[in-house]
Amino acid sequence: MKKALFFLVIGSVLLAACGSSQATEAIPTVPAEYAGKTSPLGADAATAGEKVFQTNCASCHGPQGHGDGPAGAALDPKPRNLSSFAPGVADDYLFWRISTGVPDTAMPPWAGVLTDEQIWQAIAFVRTLKP
Ligand code: HEC
């Protein structure tokens with residue numbers, strides 16, 4: 001009986017630990033090829049970026065980047081809420097992820113579909129999103 005209780009307690013501790021590691025999910029390191037890249041464009045690129053975003057990204061990420069686009073509803077993992085995610089990462093991270101996509105998720109690679117300039121424009125727009 002005591003043994004069963006012991007395993008029950010250990011089991012709940014392990015479960016709790018798994019839950020919390022998901023909340024503080026590690027951000028992967030930007031590969032050398034992309035590390036340190038900064039936008040060649042100014043903040044005014046957000047105007048063009050809004051068009052790029054609404055055409056290519058909003059279906060999944062939602063018009064205001066809240067991760068609530070109609071095409072994203074059934075996805076697992078869900079599209080990121082970019083308004084809350086982007087402030088925590090640098091431009092080189094965003095440029096890398098948007099260019100190459102996120103493996104094992106529905107996030108497609110955009111290099112070759114969009115030009116580098118269009119990707120930087122989209123990033124400028126993402127930087128204006130409000131949670
Ligand atoms: C087909 C749906 C879909 C489209 C279209 C899409 N995304 Fe995503 N995106 C996702 C999903 C799903 C994730 C979540 C990946 C994850 O959880 O790691 C994601 C994640 C991201 C991330 C976070 C990357 C990370 O490390 O988690 C960024 C930034 C992003 N998308 C930007 C964009 C931009 C900009 C566009 C348009 C050029 C776009 N996405 C178009 C589905 C989409």
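One-based numbering, in listed order, for ligands and for the atoms of each.
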Close residues, ligand 1: non-hydrogen atom nearer than 4.0 Å: Asn56, Cys57, Cys60, His61, Pro77, Lys78, Pro79, Arg80, Leu82, Phe85, Tyr93, Leu94, Arg97, Ile98, Val102, Thr105, Ala106, Met107, Pro108, Trp110, Leu114
Minimum heavy-atom distance between Gln118 and Val113, given as atom pair plus value: OE1-O, 4.4 Å
Hey, could you give me each pair passing side-chain hydrogen bond (donor to acceptor under 3.5 Å, both in side chains) that has a residue in residues 95-114? Not counting sequence neighbours. Tyr93-Arg97, Trp96-Thr100
Measure the OG1-CH2 distance between Thr38 and Trp120 for me, rounded to the nearest 0.5 Å. 6.5 Å
Which residue pairs pass the ring-ring contact (aromatic ring centres under 6.0 Å, His included) test with at least one member in residues 54-81, sequence neighbours excluded? none
Qualifying residues under side chain to side chain donor-acceptor pair (under 3.5 Å), relative to Asp92, sequence neighbours excluded: none
Is there a side-chain contact between Lys37 and Asp91 (heavy atoms, below 4.5 Å)? no
